[in-house]
Structure formats: C-alpha cells, structure tokens
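Just below is one structure, and these are the notes that go with it.
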Amino acid sequence: QVQLVESGGGLVQAGGSLRLSCTTSGRTFSSGAMAWFRQAPGKDREFVATITRSGTNTAQADSVKGRFTISRDNAKNTVYLQMNSLKPEDTAVYYCAAGSYSRLKASYSYWGQGTQVTVSS
C-alpha cells in the first residue's frame with residue numbers, strides 16, 4: 001500500500017512563507033519523480049512543481065517561479081515545497097503526487113490527501 005502524507009499547511013499572511021512536506025511509504029521513494037499540485041475552490045487541480053528521481057531537474061509553474069522551490073531528501077523519503085512571498089491567490093489545497101516527471105496530472109499514479117494553505121491579504 002503506497003501512502004503519501006502531506007504536512008505543513010496553515011494560515012499565513014501575504015508575503016509570508018510556509019514549507020510543505022510529503023513523506024512516502026510503501027514504495028521505493030527514490031524510484032520516481034515527485035510533484036506538487038494545488039486546487040482552489042471551484043477550480044481544476046493545477047501543476048505547481050515537479051522534481052526528478054535524483055533531484056537534478058525541477059520545473060515550476062510560471063505563477064510560482066522565483067517564489068516556490070521543490071526539493072527532496074531520498075534518505076528521508078520526503079519531498080518539500082518551500083513557498084515564499086505568498087499571495088492570496090496561492091490559497092488552495094496542496095497535493096503531493098508520485099509518478100513520472102511531467103506537468104500533467106495523468107503522469108502521477110499516487111496522491112496524498114492534501115493540505116490546506118490559506119494566505120490572508
């Protein structure tokens with residue numbers, strides 16, 4: 001049974017920072033790419049960032065480039081999303097996913113339950 005568990009969400013003021021974590025169990029963590037997606041109320045789930053198995057390559061959505069950084073620690077089976085200069089439009093449920101390196105939801109087979117991030121203005 002593969003499990004992805006996110007943590008680190010919460011309420012923060014605009015301009016603040018949060019770091020999300022996602023810990024994986026039940027599979028070889030280092031065997032695949034990891035990604036973060038987010039879904040705001042009434043909107044589709046959208047790509048945020050992805051990182052390759054080795055951590056060598058990353059990609060971010062244009063809306064978060066320069067503010068969000070994805071990283072991973074294969075020894076801890078954990079992927080992180082450091083979010084700086086947060087904006088109210090970053091408010092969403094953030095999901096961790098495991099699969100193939102891609103910006104597409106369909107490339108990821110395993111998903112966490114999500115963690116809420118709320119940015120107040």
Side-chain angles (χ1 to χ4, degrees):
Q1 184 79 12
V2 177
Q3 286 191 319
L4 285 70
V5 179
E6 302 99 334
S7 61
L11 174 64
V12 63
Q13 288 188 331
S17 298
L18 282 175
R19 188 176 81 155
L20 305 183
S21 300
C22 172
T23 300
T24 300
S25 62
R27 73 188 290 265
T28 303
F29 176 76
S30 59
S31 66
M34 299 293 295
W36 289 95
F37 288 77
R38 67 186 181 186
Q39 187 167 17
K43 295 188 176 181
D44 290 336
R45 191 171 299 188
E46 65 174 6
F47 168 76
V48 175
T50 184
I51 186 167
T52 53
R53 175 175 56 187
S54 65
T56 302
N57 294 315
T58 64
Q60 297 81 32
D62 288 345
S63 59
V64 306
K65 198 167 292 184
R67 300 188 298 122
F68 292 11
T69 303
I70 188 171
S71 62
R72 66 190 295 166
D73 184 339
N74 288 345
K76 295 183 178 180
N77 291 348
T78 301
V79 62
Y80 305 97
L81 184 68
Q82 178 66 45
M83 305 186 294
N84 299 327
S85 302
L86 282 159
K87 305 174 181 180
E89 51 264 44
D90 295 318
T91 295
V93 177
Y94 283 71
Y95 296 91
C96 172
S100 299
Y101 187 69
S102 169
R103 295 171 180 255
L104 303 177
K105 293 189 296 289
S107 298
Y108 297 89
S109 301
Y110 303 101
W111 293 82
Q113 82 290 349
T115 186
Q116 176 71 46
V117 171
T118 303
V119 184
S120 63
S121 57

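Throughout, numbering of the chain's residues begins at 1 and tracks the sequence.
A salt bridge links Arg67 to Asp90: at least one charged side-chain nitrogen sits closer than 4.0 Å to a carboxylate oxygen.
Atom SG of Cys22 and atom CD of Glu6 lie 5.0 Å apart (nearest 0.5 Å). Atom OG1 of residue Thr52 and atom CD1 of residue Ile70 lie 9.5 Å apart, to the nearest 0.5 angstrom. Here the straight-line distance linking atom CG of Asn57 with atom CD1 of Ile51 works out to 9.0 Å at 0.5 Å rounding. The distance from the CZ atom of Arg53 to the CG atom of Asn74 is 9.5 Å, given to the nearest 0.5 Å.
Tyr94 and Leu104 fall into different hydrophobic clusters, defined by Ile, Leu, Val, Met, Phe, Trp and Tyr side-chain heavy atoms under 4.5 Å apart, directly or through other members. Linking ILVMFWY side-chain heavy atoms closer than 4.5 Å, directly or via other members, places Val79 and Tyr101 in two distinct hydrophobic clusters.
Considering every non-hydrogen atom in both Ala59 and Arg103, the closest pair reads CB-NH2, 3.8 Å. Among all heavy-atom pairs drawn from Thr50 and Ala33, the shortest one is OG1-CB, 4.4 Å. Ser121 approaches Ala14 most closely through the heavy-atom pair CA-CB, 4.4 Å.
Sorted by first and then second residue, the side-chain hydrogen bond (donor to acceptor under 3.5 Å, both in side chains) pairs with a member in residues 79-88 read Ser17-Asn84, Gln82-Asn84; sequence neighbours excluded.
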Apply side-chain contact (heavy atoms from CB on, under 4.5 Å) to the pair Met34 and Leu4, showing each step before the final yes or no. CA-CA 10 Å; Met34 299 293 295; Leu4 285 70; 4.0 Å; yes
Any chance you could lay out the side-chain contact (heavy atoms from CB on, under 4.5 Å) test for Glu89 and Val119, step after step, and finish with the verdict? CA-CA 8 Å; Glu89 51 264 44; Val119 184; over 6 Å; no
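Side-chain contact between Lys76 and Ser21 is absent, with no heavy-atom pair separated by less than 4.5 Å. Leu18 is not listed as a side-chain neighbour of Phe68, based on a closest heavy-atom distance of 4.5 Å or more. Residues Leu20 and Met83 are in side-chain contact: their nearest non-hydrogen atoms beyond the backbone lie under 4.5 Å apart. Under the 4.5 Å side-chain criterion, counting only non-hydrogen atoms from C-beta, Arg38 is in contact with Val64.
If you check the side chains of Thr118 and Thr91, you find no donor sitting under 3.5 Å from an acceptor.
In this structure, Tyr95 belongs to a hydrophobic cluster whose other members, linked by side-chain heavy atoms under 4.5 Å apart, are Phe37, Phe47, Val93, Tyr108, Trp111.
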